[in-house]
Amino acid sequence: EDQVTQSPEALRLQEGESSSLNCSYTVSGLRGLFWYRQDPGKGPEFLFTLYSAGEEKEKERLKATLTKKESFLHITAPKPEDSATYLCAVAPPGSARQLTFGSGTQLTVLP
Amino acid sequence: NAGVTQTPKFQVLKTGQSMTLQCAQDMNHNSMYWYRQDPGMGLRLIYYSASEGTTDKGEVPNGYNVSRLNKREFSLRLESAAPSQTSVYFCASSGGRPEPQHFGDGTRLSIL
């Protein structure tokens, strides 16, 4: 069974304190890995897609990387407005299954 | 840019009542999805529609039905609501796999 595990479940950072969130997966033949940001009371907002090991994507203070078994979301010098829950999801092969989501990492950035 | 629009935003039902959650997208996407999100469980797929005219079960389809009304609209129906269906329901759409899915802001449903 495809599994996506995110760690840590919760992370508290001081403003400016860089860190990384982890998403590990057990899918064989990954067709894509997606990162989303979710604010309270809102739907997930798409951030990045990664398709192959070694690929990296950047947006402002966020950088996503992918290996064969995991992805990292690096947050450089975070600000309080980066506080949110970050979700990753994988697209396994085949047509019967769609995205498999992890449970998310709740990030709090303190001023 | 509306993207994915869900109605209603909030709803309270009594056990046994029925209701339909509506979803519409204006991005000309072929595929649409219904998820539920529960604390500690992540997003779980209920049903999806890969293209207009087709629907398929996801991970947790029991107690739900769907209708792909046209390319824009995908509705989710609870025929006889149960307290276990209390959740936040999200609709999403995508241009296909493995393109990213784009989500609405959800319907918060409480069943008493």
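In what follows, chains carry the letters A, B, and so on, assigned in the order in which the sequence lines appear, proteins first and then strands, with residues in each chain numbered from 1. From a predicted model like this one, the values you see are computed outputs, not experimental measurements.
Of the listed residues (B:Val88, B:Leu43, B:Asp56), the one with the most heavy-atom contacts under 4.5 Å to chain A is B:Leu43. Interface check for chain B: of the options A:Gly41, A:Gly102, A:Pro44, A:Gly32, the most heavy-atom pairs under 4.5 Å are formed by A:Pro44.
Between atom OH of residue B:Tyr35 and atom CG of residue A:Leu99 there is a gap of 4.5 Å, rounded to the nearest 0.5 Å. The OG atom of B:Ser94 sits 11.0 Å away from the CZ atom of A:Phe46 when rounded to the nearest 0.5 Å. Atom NE2 of B:His102 and atom OH of A:Tyr36 lie 7.0 Å apart (nearest 0.5 Å). Considering OG1 of A:Thr85 and CD of B:Gln37, their distance stands at 8.0 Å, rounded to 0.5 Å.
Within 6.0 Å of CD in A:Glu17 there are more than 12 heavy atoms belonging to other residues, nucleotides or ligands. Heavy-atom contacts from other residues, nucleotides or ligands closer than 6.0 Å to CZ of A:Arg12 number 12 or fewer.
The part of B:Arg108 that comes within reach of chain A is its side chain, from C-beta onward, which places non-hydrogen atoms under 4.5 angstrom from that chain. With a threshold of 4.5 angstrom between heavy atoms, B:Gln101 approaches chain A through its backbone and through its side chain. For chain B, no part of A:Phe48 is nearby; none of its heavy atoms comes within less than 4.5 Å.
In the hydrophobic clustering of this structure, A:Trp35 groups with A:Val109; members are Ile, Leu, Val, Met, Phe, Trp, Tyr whose side-chain heavy atoms approach within less than 4.5 Å, directly or through other members. Hydrophobic cluster membership differs between B:Tyr33 and B:Val66, with clusters built from Ile, Leu, Val, Met, Phe, Trp and Tyr side chains linked at under 4.5 angstrom. The cluster map of Ile, Leu, Val, Met, Phe, Trp and Tyr, joined by side-chain heavy atoms under 4.5 Å apart, puts A:Ile75 and A:Leu66 in the same cluster. Transitive grouping of hydrophobic side chains (ILVMFWY, heavy atoms separated by less than 4.5 Å) keeps B:Leu78 and B:Leu45 in distinct clusters. Both B:Tyr47 and B:Tyr89 belong to a common hydrophobic cluster when Ile, Leu, Val, Met, Phe, Trp and Tyr are linked at side-chain heavy-atom distances under 4.5 angstrom.
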